Amino acid sequence: MIDITSIPPYKPEEIEPKWQSRWEADGLYHADPDPKHTKFYALTMLPYPSGDLHIGHWYAMTPSDARARFKRMQGYNVFFPIGFDAFGLPAENAAIKHQIHPKQWTYANIERMRTQLRSMGNMFDWRSEVVTSDPEYYRWTQWFFVQFFKHNLAYQMEAPVDFCPNCNTTLAREQVQGEDRHCERCGTPVIKKNLKQWLFRITNYAEELLDFSDIDWPETIKTLQTNWIGRSKGAYITFKTESGEPIEVFTTRPDTLWGATFLVLAPEHPLVNQITTPEQAEIVAAYQEQAMRQSDIQREAATREKTGVFTGAYAINHATSERIPIWIADYVLMTYGTGAIMSVPAHDQRDFEFARQFDLPIRVVIQPEGAPELAPEEMTAAVEAYGTMVNSGLLSGTAADKSLETAVAFIEQMGIGRGAVTYRLHDWLISRQRYWGAPIPIIYCPKCGTVPVPEDQLPVLLPDDVEWLPTGESPLKLHPTWRFTTCPVCGGPAERETDTMDTFMCSSWYYMRYLSPHYDQYPFDPQLYRYWMPVDTYTGGSEHATMHLMYVRFFHKAARDCGITTGREPMRQLRNQGMVLGEDGEKMSKSRGNVIAPDDLVQRYGADTVRSYLMFFSRWEVGGPWNSSGIEGNSRWLRRVWATLLEPADGGASREVLRALRRKTHQTLRAVTYDYENFEFNTIISSLMELLNEMGRAKATGAFGTPEWDEAVDIYLRMLAPVCPHIAEELWERLGKPYSIHTQAWPQVDEEAARDEEITLVVQVNGKLRDRIQVPLGISDAEAEQKALASPAVQQALAGRQVRKVIVVPGKLVNIVV
RNA sequence: GCCGAAGUGGCGGAAUAGGCAGACGCGCACGACUCAAAAUCGUGUACCUACGGGUAUGUGGGUUCGAUUCCCACCUUCGGCACCA
């Protein structure tokens with residue numbers, strides 16, 4: 001009899017901290033360049049130190065860690081670093097609310113989160129840790145700004161910009177979201193403010209950003225970025241006012257030029273005041289003011305009635321030599337194209353509505369194929385389809401498929417315009433009127449103008465002795481001495497820029513700093529850069545699609561053009577995880593009381609169980625609601641792994657049982673290898689559960705202690721190690737295998753062992769399942785057909801009917817058609 | 001309105017993708033162990049059935065010997081965009 005009590009119980013609370021300290025002490029996860037191994041840079045998005053590691057962090061990081069471990073066992077030299085995106089508003093809000101310095105708040109949170117992160121048992125190389133609010137980090141953030149400034153990729157502009165009245169700062173276009181145009185961080189609707197701000201020329205890279213050919217990124221992210229960039233092909237066309245003032249418009253339909261019966265300018269268009277006639281001046285001014293106020297409140301839905309006023313001025317349509325009126329209307333946006341349009345009411349719905357509203361002429365110049373002949377007075381909507389050009393002078397009769405290029409050629413020949421491409425994308429506004437960020441390293445000198453801080457004077461340090469006003473105004477502006485300095489060029493008195501940088505700037509290059517976080521000659525050690533870059537796999541949330549994930553691509557390309565980086569893209573492969581919801585299916589939030597705290601789970605079940613459940617409960621890219629009883633299943637599974645592998649049993653299994661055990665072991669290995677590679681984490685766990693069930697059955701029939709059993713155990717632990725690193729290490733040791741399992745090689749599939757000897761042949765009659773018969777592998781089609789027809793169940797289903805056709809799918813199925 | 005993703009048992013999901021629908025787990029039911037309970041182990045678990053079989057992967061069509069998988073139309077949910085000329 002076997003003495004069950006001799007088996008020690010599985011105690012994750014003991015083995016997990018034990019192994020974590022041992023791995024740490026041994027530097028097990030340190031990655032250094034090694035020419036003998038292919039490098040693999042695995043990266044998970046760095047967390048913001050909000051105070052507590054939440055289940056979302058675990059969900060993002062655990063599968064990334066498991067896959068990094070898998071890659072390492074496959075023989076890659078894997079670098080898997082971690083850090084903190086430590087600048088940002090919450091720290092400052094805490095400062096204002098609780099009278100605690102943002103630095104103190106941030107660094108205390110980081111300390112706490114480091115401990116929590118360690119409890120996950122990830123293979124982070126902590127030597128590479130980066131904190132973006134450390135002066136030795138933001139020195140180089142500022143340095144990048146200076147390089148961009150020198151290469152004319154950073155510039156200052158005064159314009160109406162999006163401003164969050166709650167966060168008290170300007171925002172980039174990407175950080176304004178939704179129909180009500182609210183702040184990405186706090187949800188408050190933004191307002192427009194006329195301010196002088198720093199921007200990066202991301203629009204220079206619009207075309208290159210649309211090219212995803214070098215990278216393996218999810219289609220959804222590529223689509224979101226493509227839509228955000230919003231490329232439109234068309235033409236610029238210059239009209240002239242009667243007094244000879246040029247007005248340039250952008251259109252995607254140069255083929256409709258002959259139908260342009262009026263022009264519309266945005267109310268803020270700089271030409272408006274110049275061209276407005278004295279009689280119209282008052283009404284135009286009133287409209288401008290109203291439009292200004294309206295954009296200050298909120299932009300309304302697209303369905304609202306068109307408004308606008310006539311300027312009194314006329315322009316000449318060079319194509320028709322016609323005199324056409326110039327209007328202003330708020331449906332034309334100053335921020336897109338040239339802020340002016342040619343209005344073609346017959347072929348653009350918005351222009352149509354405007355023309356009907358104000359009784360402006362409508363002229364048909366496109367006749368779509370198959371449509372009844374269009375008559376302006378009968379139209380109830382614009383016809384936007386392409387078609388044959390009509391009423392278009394020399395170009396009349398041009399077919400739909402040629403109309404665009406023919407029209408552009410005509411316009412260019414006439415010298416009134418040119419083919420062009422515009423983008424919806426705006427330049428990246430990086431100025432923030434906040435304290436807790438990297439100061440923009442610029443000095444304003446009354447004599448020398450705008451001067452970058454010399455590189456050897458970086459970083460521009462944030463002063464510690466600051467005070468917050470309840471108004472939320474940046475303390476840097478109010479600091480008694482900090483802003484006053486001397487000009488680095490002439491030495492005269494000068495002032496510092498008091499704005500800090502968007503924190504997305506900090507997170508645009510951290511993957512380079514990880515390589516050498518304390519290197520003080522350059523943002524990174526070039527030798528390490530050559531070895532490790534680019535990032536091979538990047539993981540994180542898809543909510544960053546048009547922010548971080550676009551900025552980081554821009555940044556890398558811009559840095560390349562400054563001669564700093566190489567390669568077109570920073571991250572070769574991207575995968576996004578979904579979100580863990582509360583048990584009620586809603587987003588977790590303190591106010592809802594549905595928050596699942598990972599620390600509690602670790603205490604109750606151990607990190608390995610939490611890890612395996614997170615990888616098991618849903619498709620990783622989808623996520624879903626937490627289930628408190630679901631995790632019990634994973635807890636049971638690991639206890640069963642423990643018992644099945646450790647508890648001895650009697651031997652004496654038959655050859656068939658052992659053969660079947662080997663087959664299942666290697667089939668599982670094949671499936672699990674595929675799943676790790678392809679981010680299909682949930683089926684890794686179910687395959688491991690299945691194999692354990694099979695091992696349990698084999699053990700009950702005497703497999704324990706046989707070479708086949710030992711092989712199954714060995715392969716099992718190696719497959720388990722990336723998901724549950726602690727229990728795998730502990731069992732590995734208890735079974736007398738050499739430390740550490742995490743430096744072992746990934747096992748090879750023995751295809752011979754994995755091969756089925758018998759297969760289940762599915763027999764259908766007219767596509768309906770009638771029988772399943774066991775046949776040897778490699779059976780001929782004729783034999784399969786014969787066996788299928790011989791089946792009594794099939795004979796019954798055939799009921800004596802004539803067989804018309806038999807389809808045999810080798811190794812799978814026979815379908816008999818009658 | 002435009003762009004994109006997704007709809008499979010009571011629940012999470014599987015089916016490497018035209019070829020056995022529901023793997024694995026949760027839950028539930030029954031049984032074993034126990035004075036009892038918990039834990040553990042075992043068995044069962046899509047629906048209907050006149051026990052022959054029939055019906056099922058959001059709905060309706062289509063292609064095919066065969067469709068969760070491909071095509072068309074529609075419905076629902078989620079995400080993005082918002083008069084972008």
Side-chain angles (χ1 to χ4, degrees), chain A residues 177-181 218-228 230-232 234 249-253 256 264 266 299-304 306 329-333 335-344 347-351 353-354 422-426 542-543 545-546 578 612-613 616-619 621-622 624-634 636-637 639-640 643 670-671 674-675 677-678 680 682-693 696 760-772 796-797 804-809 811-818:
Chain A
Q177 302 179 334
E179 209 172 327
D180 60 348
R181 297 180 44 78
E219 288 302 323
T220 50
I221 300 291
K222 293 194 278 187
T223 305
L224 285 171
Q225 293 199 350
T226 301
N227 291 346
W228 186 261
R231 184 182 201 271
S232 293
V249 304
F250 177 75
T251 178
T252 53
R253 294 296 300 271
T256 65
V264 186
R299 281 217 171 267
E300 280 191 55
T303 49
R304 81 178 166 149
K306 293 279 179 294
D330 63 2
Y331 82 92
V332 176
L333 310 174
T335 49
Y336 184 77
T338 61
I341 61 161
M342 65 174 203
S343 221
V344 187
H347 305 293
D348 180 285
Q349 185 57 26
R350 295 154 302 181
D351 297 345
E353 285 164 20
F354 194 79
T422 58
Y423 305 91
R424 213 189 72 107
L425 181 71
H426 290 52
S542 58
E543 67 274 15
T546 56
S612 76
Y613 180 65
F616 176 68
F617 86 95
S618 171
R619 274 167 55 197
E621 69 272 27
V622 175
W626 181 264
N627 182 333
S628 285
S629 47
I631 191 173
E632 296 283 352
N634 288 68
R636 266 174 231 158
W637 167 56
R639 288 201 300 272
R640 265 172 42 231
R670 184 162 58 201
Y674 179 92
D675 288 345
E677 194 60 59
N678 293 285
E680 293 178 17
N682 55 345
T683 45
I684 292 174
I685 313 296
S686 49
S687 295
L688 289 175
M689 287 173 169
E690 255 186 87
L691 176 55
L692 186 75
N693 293 343
T760 307
L761 193 68
V762 173
V763 186
Q764 299 178 333
V765 175
N766 283 347
K768 283 198 173 122
L769 177 75
R770 292 300 164 186
D771 202 4
R772 296 184 176 117
Q796 201 197 333
R804 285 201 297 145
K805 197 172 165 188
V806 178
I807 286 138
V808 181
V809 182
K812 276 190 177 155
L813 156 152
V814 178
N815 188 13
I816 300 158
V817 187
V818 295

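Keep in mind that this is a model prediction, so the values were computed, not measured. Residue numbers start from 1 in every chain, and the chains themselves are labelled A, B, ... in the order their sequence lines are given, proteins ahead of strands.
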Indicate yes or no for a side-chain donor-acceptor contact from A:Asn678 to the backbone of A:Tyr674 under 3.5 Å, with no hydrogens or angles considered.
-> yes
Whole Å only: how far is the [atom1] atom of [X] from the [atom2] atom of [N]?
| X | N | atom1 | atom2 | answer |
| --- | --- | --- | --- | --- |
| A:Asn678 | B:A14 | CG | P | 14 Å |
| A:Leu691 | B:A14 | CG | P | 20 Å |
| A:Lys768 | B:G53 | NZ | P | 12 Å |
| A:Gln177 | B:G80 | CD | P | 7 Å |
| A:Leu224 | B:C81 | CG | C1' | 9 Å |
| A:Gln796 | B:C51 | CD | C1' | 12 Å |
| A:Ile631 | B:C11 | CD1 | P | 22 Å |
| A:Asn766 | B:G53 | CG | P | 16 Å |

Do the ring centers of A:Tyr613 and A:Trp637 come within less than 6.0 Å of each other?
-> no
Pick the [atom1] atom in [N] and in [M], then give their distance to the nearest Å.
| N | M | atom1 | result |
| --- | --- | --- | --- |
| B:A73 | B:G4 | P | 13 Å |
| B:C11 | B:C28 | P | 15 Å |
| B:G58 | B:G53 | C1' | 27 Å |
| B:G44 | B:G54 | C1' | 23 Å |
| B:G25 | B:C33 | C1' | 25 Å |
| B:C70 | B:C26 | P | 32 Å |
| B:C47 | B:U8 | C1' | 14 Å |
| B:A38 | B:C30 | P | 12 Å |

Mutual orientation of the aromatic rings belonging to A:Phe250 and A:Tyr336 [parallel < 30°, tilted 30-60°, perpendicular > 60°] | perpendicular
In terms of side-chain heavy atoms of A:Arg424, which of B:A15, B:A82, B:C83 is nearest?
-> B:A82
Is [Y] close to [X] at the side-chain level, that is, under 4.5 Å between some pair of heavy atoms?
| X | Y | result |
| --- | --- | --- |
| A:Arg424 | A:Asn227 | no |
| A:Asp348 | A:Thr256 | no |
| A:Asn634 | A:Phe616 | yes |
| A:Tyr331 | A:Asp351 | yes |

Would A:Trp228 and A:Leu425 count as a side-chain contact (heavy atoms from CB on, under 4.5 Å) if you check the C-alpha gap in whole Å, the side-chain angles of each, and the deciding distance to 0.1 Å?
-> CA-CA 6 Å; A:Trp228 186 261; A:Leu425 181 71; 3.7 Å; yes
Identify all stems in which RNA chain B takes part, counting only runs of at least 3 consecutive pairs (Watson-Crick or G-U wobble, each distance under 3.5 Å), and give each as one range with another, ordered by first number.
-> B:1-7 with B:75-81, B:10-12 with B:24-26, B:27-32 with B:40-45, B:46-48 with B:53-55, B:58-62 with B:70-74
Report each atom pair, protein N/O against N/O of nucleotides 1-10 of chain B, whose distance is under 3.5 angstrom.
| from | atom 1 | to | atom 2 | distance (Å) |
| --- | --- | --- | --- | --- |
| B:C3 | O2' | A:Asn227 | ND2 | 3.0 |

So [X], base contact, sugar-phosphate only, or nothing? Heavy-atom distance under 4.0 Å.
| X | answer |
| --- | --- |
| A:Ser232 | sugar-phosphate |
| A:Arg770 | sugar-phosphate |
| A:Trp637 | nothing |

Check whether any side-chain nitrogen or oxygen of A:Tyr336 sits under 4.0 Å from OP1 or OP2 of B:A85, and answer yes or no.
-> yes
Of A:Thr252 and A:Asp675, the one whose nearest nucleotide on RNA chain B sits closer to the 5' end is A:Asp675
For A:Val249 and A:Ile341, work out which heavy atoms get closest and say how close.
-> CG1-C, 3.6 Å
Pick out the pairs of N or O atoms, protein on one side and nucleotides 19-24 of chain B on the other, that lie under 3.5 Å.
| from | atom 1 | to | atom 2 | distance (Å) |
| --- | --- | --- | --- | --- |
| B:G19 | N2 | A:Gln764 | OE1 | 3.4 |
| B:G19 | N2 | A:Asn815 | ND2 | 3.4 |
| B:C20 | O2 | A:Arg772 | NE | 2.4 |
| B:C20 | O2 | A:Arg772 | NH2 | 3.0 |
| B:A23 | O2' | A:Glu690 | OE2 | 3.1 |

Every protein N/O within reach of nucleotides 76-78 of chain B N/O, cut-off under 3.5 Å:
none

Taking only distance into account, with no hydrogens and no angle test, what donor-acceptor pairs under 3.5 Å do side-chain atoms of residues 761-772 of chain A form with protein atoms, sequence neighbours excluded?
| from | atom 1 | to | atom 2 | distance (Å) |
| --- | --- | --- | --- | --- |
| A:Asn766 | OD1 | A:Val818 | N | 3.0 |
| A:Asp771 | OD2 | A:Ser791 | OG | 2.5 |

With the criterion being N/O to N/O and under 3.5 Å, what pairs connect the protein with nucleotides 38-43 of chain B, and how long is each?
| from | atom 1 | to | atom 2 | distance (Å) |
| --- | --- | --- | --- | --- |
| B:U40 | OP1 | A:Arg639 | NH2 | 2.9 |

